[in-house]
K.L.:
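Attaching a single structure in structure tokens format; questions to follow.
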Amino acid sequence: MKNIYAIGVGLIGGSLTKDIKTHFPDVVVHGISRKDTTIEQALSLGLIDKKATLDDLQHADLVIVSIPVDATVKLLPSILDNISDNTLVIDAGSTKEAICKIVENHPKRRNFLAAHPIAGTEYSGPGAAISGLFEGKTNIICEVEKTAFKLQEKALEIFKALGMRIRYMNPEAHDKHIAYVSHLSHISSFMLGKTVIDKEKNERDIFDMAGSGFASTVRLAKSSPEMWTPIFKQNKENVIETLEEYINNLTQFKKLMESDDFEGVFKEMKDTNHIKDILNGIN
Ligand code: NAP
């Protein structure tokens, strides 16, 4: 593995190339992005070694695609059209069904590995890239049997070097489960932030009272709408289902309050404390 082409050099693409450059010092990382300012920033931060374009992909041993999921769906077929027979293409998109579907009959399907590293922060762009982001984190691989065995091995070598734990899943199951543990949390955080911002217009002191609980609960509301809108669009049905269940729970909680059923309120919270055991060991 000598020439790596990173399409997208933001938080995920940049963190991947940063770690790959550390663990595989002989590689040359070529960066591809839409905006010159983004690629210049990635170069100056040392996330990539050289600028490249999509026309250069025939020289790639590995292509890493870390751009918004709608852009991945648009670009992935032409990326596969342009690579050599031995190139491995990995994507990092937060949805997997539409991405796997768009290349299901592509002649180079066996060169592609669909992945979702469950790691990130609320920040975006090359400046957000950090070392060790993937250490100890889960990387979900979908439809592994559709990737050529030799290329699977190449991908696993990289994921192992970066410290990732691998889980295998089909794209439908991935999108269904991730709607609960990631997509709903983001919507919940965005709407909690909105509720407080709307209120703050009338009560200016409210932010003086906001403590660390508020800050940690609305952290995800700082996330990029450019990245999240396409995710919600691609996973619309699953996300709506999670929202319906969440709204039902909020309504039920409100009803308990309205009817002075504080034993019920206590029980709801006590039952949910079980989340401590579920999250134990997850950082
Ligand atoms: P990011 O920091 O905003 O970086 C996005 C990169 O994609 C930038 O290089 C940007 O370049 C490029 N880009 C943006 N829109 C594009 C478009 N329409 N066409 C082509 N390139 C475009 O985003 P990220 O957090 O790294 O996310 C990248 C991918 O990783 C997404 O598919 C996301 O679902 C997935 N992911 C994210 C997280 C997370 O927590 N953030 C976690 C796991 C997976 P320009 O500035 O040049 O436009």
Side-chain angles (χ1 to χ4, degrees), residues 5-20 29-45 47-48 51-54 57 63-79 89-100 102 112-130 132-135 137-142 159 162 164-165 167 169 171 174-175 177-179 181-187 189-190 219-235 238-239 283:
Y5 284 70
I7 305 178
V9 290
L11 166 68
I12 298 299
S15 299
L16 281 168
T17 59
K18 207 173 165 85
D19 278 358
I20 289 173
V29 178
H30 307 254
I32 301 176
S33 208
R34 290 181 309 180
K35 296 182 196 151
D36 279 347
T37 47
T38 302
I39 214 71
E40 291 302 336
Q41 197 187 355
L43 265 174
S44 69
L45 290 169
L47 304 176
I48 58 170
K51 297 187 223 180
T53 72
L54 291 169
L57 291 181
V63 180
I64 302 172
V65 186
S66 318
I67 56 179
V69 290
D70 56 340
T72 302
V73 165
K74 258 191 227 152
L75 261 186
L76 192 54
S78 62
I79 292 170
V89 179
I90 300 174
D91 91 299
S94 305
T95 54
K96 292 271 70 83
E97 214 178 329
I99 290 171
C100 288
I102 199 73
F112 172 61
L113 185 94
H116 179 196
I118 314 284
T121 70
E122 62 275 33
Y123 303 111
S124 50
I130 44 178
L133 178 66
F134 306 100
E135 181 72 45
K137 302 289 164 51
T138 300
N139 187 15
I140 298 179
I141 296 180
C142 292
F159 297 150
L162 270 54
M164 296 188 203
R165 303 182 305 183
R167 293 285 177 278
M169 221 177 250
H174 168 277
D175 285 11
H177 296 308
I178 208 74
V181 292
S182 169
H183 303 177
L184 177 62
S185 327
H186 280 79
I187 297 172
S189 188
F190 275 117
R219 178 179 67 85
L220 298 176
K222 297 182 214 159
S223 303
S224 153
E226 284 78 20
M227 198 194 88
W228 279 98
T229 308
I231 292 173
F232 296 147
K233 192 171 172 190
Q234 282 189 10
N235 206 18
N238 288 320
V239 171
N283 51 31

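We count ligands from 1, going down the list as the structure has it; atoms in each ligand are counted the same way. Numbers here simply count residues along the sequence, with the first being 1. Heavy atoms only: backbone and side chains are in, while hydrogens, waters and symmetry mates are out.
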K.L.:
Which of the atoms of ligand 1 are close to Ala71, meaning less than 4.0 Å from one of its heavy atoms?
P.N.:
17 (C), 18 (N), 19 (N)
K.L.:
Find the distance between OG (Ser189) and CD (Glu122) and round it off to the nearest 0.5 Å.
P.N.:
9.0 Å
K.L.:
Quick one: does Gly120 get an N or O within less than 3.5 Å of an N or O on ligand 1?
P.N.:
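Gly120 vs ligand 1: no N/O contact under 3.5 Å.
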K.L.:
Please list the nearest protein heavy atom to atom 9 (O) of ligand 1 with its residue and the distance rounded to 0.1 Å.
P.N.:
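Closest protein heavy atom to atom 9 (O) of ligand 1: Val9 N, 2.9 Å.
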K.L.:
If you have a sec, work out which protein heavy atom is nearest atom 28 (C) of ligand 1 and how many Å separate them, to one decimal?
P.N.:
Ser66 O, 3.4 Å
K.L.:
In terms of atom number and element, which parts of ligand 1 are under 4.0 angstrom from non-hydrogen atoms of Gly10?
P.N.:
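Under 4.0 Å from Gly10, ligand 1 has these atoms: 2 (O), 4 (O), 9 (O), 26 (O).
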K.L.:
Would Ser33 count as a polar contact of ligand 1, with the cut-off being nitrogen or oxygen pairs under 3.5 Å?
P.N.:
yes
K.L.:
Going by heavy atoms, is Thr72 under 4.0 Å from ligand 1?
P.N.:
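Checking ligand 1 against Thr72, which is what was asked, there is no heavy-atom contact under 4.0 Å.
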K.L.:
Ignoring hydrogens, just give me the one of Glu226, His116, Arg34 whose non-hydrogen atom is nearest atom 15 (N) of ligand 1.
P.N.:
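When every heavy atom of Glu226, His116, Arg34 is considered, Arg34 comes closest to atom 15 (N) of ligand 1.
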K.L.:
Would you say the side-chain atoms of Glu97 pair up with the backbone N or O of Asp175, donor to acceptor, closer than 3.5 Å?
P.N.:
no
K.L.:
Just jot down the ligand 1 atoms closer than 4.0 angstrom to any heavy atom of Ala92, in number order.
P.N.:
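Near Ala92, the atoms of ligand 1 are 30 (O), 35 (C), 36 (N), 44 (C).
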K.L.:
In this structure, does ligand 1 have an atom that sits under 4.0 Å from one of the heavy atoms of Ala42?
P.N.:
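Checking ligand 1 against Ala42, which is what was asked, there is no heavy-atom contact under 4.0 Å.
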K.L.:
Nearest to atom 41 (N) of ligand 1, what protein heavy atom do you find, and at what distance?
P.N.:
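I find the closest protein heavy atom is Leu11 CD2, 3.4 Å.
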K.L.:
Using modelled atom types only, decide if a donor and an acceptor are shared between the side chain of Lys96 and the backbone of Ala115 within a distance under 3.5 Å.
P.N.:
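Flag set: sc Lys96 to bb Ala115 pair under 3.5 Å.
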K.L.:
Which heavy atom of Ala179 sits nearest to which heavy atom of Asn235, and what is that distance?
P.N.:
CB-ND2, 3.7 Å
K.L.:
Could you say whether the N/O atoms of Ser124 and ligand 1 ever approach to under 3.5 Å?
P.N.:
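No: no nitrogen or oxygen of Ser124 is under 3.5 Å from one in ligand 1.
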K.L.:
Just to be sure I'm reading this right: ignoring hydrogens, which of Gln41, Met227, Lys74, Glu122 gets closest to atom 39 (C) of ligand 1? Compare them by their nearest heavy atoms.
P.N.:
Met227
K.L.:
Go through the steps to decide whether Phe190 and Leu220 satisfy the test side chain to side chain contact (heavy atoms under 4.5 Å, CB included), and finish with yes or no.
P.N.:
CA-CA 7 Å; Phe190 275 117; Leu220 298 176; over 6 Å; no
K.L.:
Any idea which heavy atoms bring Cys100 and Ala114 closest together, and the distance?
P.N.:
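The pair with the smallest heavy-atom distance is SG-CB, 3.6 Å.
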K.L.:
Show which atoms of ligand 1 fall inside a sub-4.0 Å distance from at least one heavy-atom site of Val69.
P.N.:
32 (O), 34 (O)
K.L.:
For Thr138 and Arg165, does a side-chain donor sit closer than 3.5 Å to a side-chain acceptor?
P.N.:
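Yes, Arg165 and Thr138 have a side-chain donor paired with an acceptor closer than 3.5 Å.
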K.L.:
Would one find an N or O of Lys35, backbone or side chain, under 3.5 Å from an N or O of ligand 1?
P.N.:
yes
K.L.:
Tell me, please: is Pro68 in heavy-atom contact with ligand 1, that is, under 4.0 Å?
P.N.:
yes
K.L.:
Distance to 0.1 Å, residue and atom name: give those for the protein heavy atom nearest to atom 42 (C) of ligand 1.
P.N.:
Ala119 O, 3.0 Å
K.L.:
Taking Glu40 first and then Lys35, would you say they form a salt bridge - that is, a charged N and a carboxylate O separated by under 4.0 Å?
P.N.:
no
K.L.:
For Ile12 and ligand 1, does the shortest N/O to N/O distance drop below 3.5 Å?
P.N.:
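Yes - when backbone and side-chain N and O of Ile12 are compared with those of ligand 1, one distance drops under 3.5 Å.
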K.L.:
Mind checking whether Ile231 contacts ligand 1 via backbone (N, CA, C, O), side chain (CB onward), both or neither, at a 4.0 Å heavy-atom cut-off?
P.N.:
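For Ile231, only side-chain atoms sit under 4.0 Å from ligand 1.
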K.L.:
Please verify whether a non-hydrogen atom of Ala128 lies at under 4.0 Å from ligand 1.
P.N.:
no
K.L.:
Would you indicate which of Ile140, Ile67, Thr121 comes nearest to atom 32 (O) of ligand 1 when only heavy atoms are counted?
P.N.:
Ile67
K.L.:
If you compare all heavy atoms of Ile178 against all heavy atoms of Ser94, which two are closest, and at what distance to 0.1 Å?
P.N.:
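Where Ile178 meets Ser94 most closely, the heavy atoms are CG2-O, 4.0 Å.
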K.L.:
Quick check: closest heavy atoms across Ile32 and Ile39, and the distance to 0.1 Å?
P.N.:
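Of all heavy-atom pairs spanning Ile32 and Ile39, the closest is N-CD1, 3.6 Å.
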K.L.:
Aromatic rings Phe232 and His183: how do their planes relate, parallel, tilted or perpendicular, breaks at 30° and 60°?
P.N.:
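Judged by the thresholds at 30° and 60°, the geometry between Phe232 and His183 is perpendicular.
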K.L.:
Quick one: do the His116 and Asn139 side chains pair a donor with an acceptor below 3.5 Å?
P.N.:
no
K.L.:
Any donor and acceptor pair, going by atom type alone, linking the side chain of Ser15 with main-chain N or O of Leu11 inside 3.5 Å?
P.N.:
yes
K.L.:
For atom 36 (N) of ligand 1, what is the closest protein heavy atom, and at what distance to 0.1 Å?
P.N.:
Ser94 OG, 3.2 Å
K.L.:
Counting only heavy atoms closer than 4.0 Å, does ligand 1 sit against the backbone of Ser223, its side chain, both, or neither?
P.N.:
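Near ligand 1, Ser223 shows nothing, with every heavy atom at 4.0 Å or more.
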K.L.:
Is it true that, when you exclude Lys222 itself, more than 12 heavy atoms of the residues, nucleotides or ligands shown sit nearer than 6.0 Å to its NZ?
P.N.:
yes
K.L.:
Give yes if a backbone or side-chain nitrogen or oxygen of Thr38 is under 3.5 Å from a nitrogen or oxygen of ligand 1, and no if not.
P.N.:
yes
K.L.:
Do ligand 1 and Pro117 have nitrogen or oxygen atoms that lie under 3.5 Å from each other?
P.N.:
no
K.L.:
Which of these, Asp91, Thr17, Ile12, sits in a side-chain contact (heavy atoms from CB on, under 4.5 Å) with Ser66?
P.N.:
Ile12
